[in-house]
Amino acid sequence: MSGKADAAISIRSVSKYYVSGNGKKTKALDSVDLTVNRGEFVSIIGPSGCGKTTMLKMVGGILGWDHGEVEVLGKAVEGPGPERATVFQSFALLPWMTVIDNVSFGLKVRGVAKPERYNIARGLLKSVGLGDFEHAYPRQLSGGMQQRVGLARALAVSPQVLLMDEPFSAIDAQTRLILQTDLLDIWSKTDLSVLFITHAMDEAVFLSDKVVIMGARPGHVTEVIDVDLPRPRNEATRRDSRFVELTGRVWDRLRGMITDPNADVAA
Amino acid sequence: MTLSLGLGTRKYGPFLLSLVVLAAIWEIVGRTANILTLPPLSSVLVAFGKLWSSGAVTAPLFDSTMALLTGLAISLTLGSAIGIGMGMSRVIDVAIGPYVKAGLSAPLIAFVPVFLMIFGIGSETRIATVVAFSIFIVATNAATAMRTIDDRLLEMGRSFGASRWAIFRDIRLPAGAPYFVAGLRLGVARGVKGLINGEVLIAIIGLGGLVKKYGTVFSMDQLYAVILLIVLYASVAVGGVTLLSNLLVKDKANTA
Amino acid sequence: MVAARPARPRAPRWRLESMADRRLGRLAIRIAALVLFIGIWQAAGDDSINLLFPTFTRTVSVWWDLVESGVLPITLLITNQTLFVGFLIVLVLGIPIGIFTARIKLMDKIVSPYLTFLVAIPMIAIIPVIQALLGLTFAARVTVVVLFAIPYVVINTAVAVRRVDPVLTEMAFSFGASRLMTLRDVVLPAAVPGMMAGIRIALGQALIGMVVAELTIVGAGIGSLIADLQGRFRVAPVLAVACSIVIEGIILMSLVEWIERRLGRWSKQ
């Protein structure tokens with residue numbers, strides 16, 4: 001059975017178990033359903049251990065699952081594929097390679113010749129604002145700049161689906177706001193579908209068309225909030241009363257999960 | 001019980017199995033092929049038993065151990081003094097640091113023939129070898145021990161008006177303890193190698209002398225028995241000091 | 001000239017210490033230390049008879065005689081063949097074994113205990129066995145060098161490969177890189193600094209192995225030269241030969257350290 005024709009990512013009643021060291025089976029995901037339509041920006045937010053990164057890795061073809069179906073662009077996921085690219089939380093740049101070699105890594109893997117992959121990489125470096133840094137090494141760049149390289153590397157393989165695993169969580173708060181706006185700028189010029197994992201509520205609301213809230217033990221989807229803020233979004237969006245209201249709604253849902261149930265008894 | 005046993009076999013099973021297989025191959029090849037250089041394992045073990053019970057190894061074992069302890073005592077006192085000096089004073093560090101670094105990795109064993117000519121075939125030569133093998137690692141670790149201290153702790157000490165000696169005794173030494181212990185452990189490991197190396201090269205004293213004695217007459221089962229003894233000796237020394245250093249460092253972590 | 005800044009505490013005592021902060025000061029300290037070292041050597045030496053510890057000047061002049069006559073260069077060259085061939089074998093065998101040990105669980109479980117053991121025991125003890133098997137040959141000496149050094153390359157390579165950040169291999173996998181490509185482009189480059197540390201330690205051990213092999217399985221190298229000089233009770237030339245080997249060792253170690261620093265530049269913060 002195939003998903004809707006316009007679905008970029010389709011996750012249907014997926015469950016996953018972990019087997020720990022002592023042989024005990026733990027349910028990590030419980031019958032999760034999630035759809036990302038083509039061109040849509042969807043964020044997943046939830047407490048630690050809710051399985052949001054696990055889900056991203058399943059879509060990326062890095063991790064398997066036990067029940068249910070995961071499809072990307074109507075095809076069942078069987079491993080990593082050229083139509084998907086991932087941006088990692090810890091950047092995952094190769095420290096011995098220059099910026100341009102890092103950006104063209106995915107193209108090298110696919111056998112693109114050096115002049116051509118450098119051409120593509122240069123264009124992307126410009127679009128993420130790092131045109132002057134192609135010969136720098138990752139350690140010479142700030143965290144924000146390193147993640148721009150990570151983004152350029154993912155975009156270089158011209159994916160249709162972009163998977164972002166808490167990409168801005170290791171970056172300071174001010175730089176993070178600028179990266180969010182820049183990401184939306186780049187995304188608006190493409191027809192990319194994005195699945196974005198985050199811990200930050202304002203980030204999820206600011207970026208997304210849909211915010212998926214997940215709960216833990218076992219991981220499950222609690223609610224999907226549609227973000228009806230107009231695009232293009234910019235700094236004014238952050239002061240919009242609707243933005244504040246939606247962020248508050250996400251917080252209301254999350255607060256209940258994060259608060260220790262025993263805390264009520266103690267209080 | 002079965003669980004931990006199960007994990008144990010899963011972890012060490014392949015190794016133990018390979019050990020048994022190797023021993024079996026040794027025994028079978030030794031028996032069937034009848035090569036001079038490879039007596040069957042069983043006759044080596046018999047030779048080891050005889051060697052042990054005859055008391056032929058008691059004197060060399062005691063002799064070697066005394067030399068090892070003497071050499072280590074010299075290395076630990078002198079090496080620690082040098083290292084502490086390097087760690088406390090930049091001038092000393094700049095002046096003798098390069099020699100310590102060179103001594104750490106250069107093939108000082110080349111000096112054994114010189115030791116042999118100057119000190120003769122007695123204990124001094126192997127003691128000198130033990131010292132040459134172990135002193136620089138002790139010094140290096142002692143220097144690191146002195147430098148590892150957090151500057152804020154020193155400032156705290158000074159702000160309370162502590163004397164240099166008080167700072168050394170109460171702040172620097174305890175903070176550097178893990179490195180001193182590491183220096184001790186590595187010093188012993190290297191010292192044992194120095195001891196056996198020196199003895200084999202001197203060729204007539206201690207455990208190394210036995211290697212030479214049986215090696216030159218191709219008395220292979222006895223030679224293997226002595227090698228086995230040396231291997232056990234080194235393992236006990238290194239294992240013992242590792243155990244001791246784990247105890248020392250863990251103890252410190254608990255009281256800290 | 002007196003700065004407005006508050007003076008450092010105990011200024012007079014620290015004047016010598018502050019020398020160590022300047023390049024020229026460090027050079028002066030090093031030269032002074034060297035002069036002192038040579039002076040002590042000179043004073044401790046006694047050249048009256050051959051059997052005593054020689055002075056520095058006598059050792060140098062004897063060394064020069066050995067160099068000029070061509071004896072030392074030739075014997076050193078012969079000895080170094082052992083080191084060269086042995087160390088080449090150590091690298092060619094040790095690095096792949098280390099990689100396999102890190103990547104194949106069963107291999108790790110079987111090989112690693114033996115390696116830990118080999119590092120702890122004095123390898124010199126098995127030289128009579130090697131001698132009995134291979135005789136007083138070049139092959140026997142090379143075997144000694146290999147046995148002394150190879151455990152360190154294997155262990156450090158295995159540790160370096162195992163410590164590669166799994167995020168990097170996951171990244172490569174997500175871009176569709178094959179196992180071989182991941183090994184070549186991600187795992188091996190990431191492991192280079194750790195491997196180089198192992199190679200440096202192994203070189204030190206190989207040098208010891210070389211000397212031990214020369215002195216026990218005597219061939220035409222420095223081993224026979226030393227034996228000959230020892231037989232004639234000449235301490236000064238033996239010391240000169242020993243110093244040559246030690247200095248060669250220091251030079252080779254510095255060279256490897258330099259390569260290690262160059263290759264590992266990216267890993268420094």
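In the text below, chain A, chain B and the rest are named by the order of the sequence lines, each starting its count at 1. No hydrogens, no waters, no symmetry mates; every other heavy atom, side chains included, goes into these values.
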Original post:
Where on L22(B) is there a heavy atom nearer than 4.5 Å to chain C: the side chain, the backbone, both, or neither?
Top reply: side chain
Original post:
Which bit of I196(B) comes within less than 4.5 Å of chain C, counting heavy atoms only: side chain, backbone, both or neither?
Top reply: both
Original post:
So do V129(C) and I227(B) actually touch side chain to side chain, heavy atoms under 4.5 Å?
Top reply: yes
Original post:
What are the residues of residues 147-154 of chain C, in order of number, with any heavy atom under 4.5 angstrom from a heavy atom of chain B?
Top reply: F148(C), Y152(C)
Original post:
Is it the backbone or the side chain of A95(B) that comes under 4.5 Å from a heavy atom of chain C, or both, or neither?
Top reply: both
Original post:
What residue, out of V111(C), I121(C), L203(C), I126(C), has the most heavy-atom pairs lying under 4.5 Å from chain B?
Top reply: I121(C)
**OP:** Flag yes if more than 12 heavy atoms outside I104(C) fall under 6.0 Å of its CD1 atom; otherwise flag no.
**Re:** yes
**OP:** Using a cut-off of under 4.5 Å on heavy-atom pairs, state which of A132(C), S112(C), A227(C), G204(C) scores highest against chain B.
**Re:** A132(C)
Subject >> Side chain proximity check, M123(C) to K193(B), heavy atoms < 4.5 angstrom >> reply: no
Subject >> Stepwise side chain to side chain contact (heavy atoms under 4.5 Å, CB included) check, F37(C) with I96(B) >> reply: CA-CA 10 Å; F37(C) 175 70; I96(B) 62 174; over 6 Å; no
Original post:
What part of L239(C) is in contact with chain B, defined as an atom under 4.5 angstrom from a non-hydrogen atom: side chain, backbone, both or neither?
Top reply: both
Original post:
Does the side chain of L34(C) come within less than 4.5 Å of Y99(B)'s, by heavy atoms?
Top reply: yes
Original post:
Where does L229(C) contact chain B at under 4.5 Å (heavy atoms): side chain, backbone, both or neither?
Top reply: backbone
Subject >> Test item: P98(B) and R30(C) side chains (from C-beta on) under 4.5 Å apart, heavy atoms >> reply: yes
Original post:
Relative to chain C, which segment of Y233(B) carries a heavy atom at a distance below 4.5 Å: side chain, backbone, both, or neither?
Top reply: neither
Original post:
Looking at S254(C), P113(C), G249(C), C243(C), which has the largest count of heavy-atom pairs under 4.5 Å with chain B?
Top reply: P113(C)
Subject >> Set of residues satisfying salt bridge (charged side-chain N to carboxylate O under 4.0 Å, His left out) with respect to R232(C), sequence neighbours excluded >> reply: D228(C)
Subject >> Per-residue contact mode, R200(C) against chain B (heavy atom under 4.5 angstrom) >> reply: neither
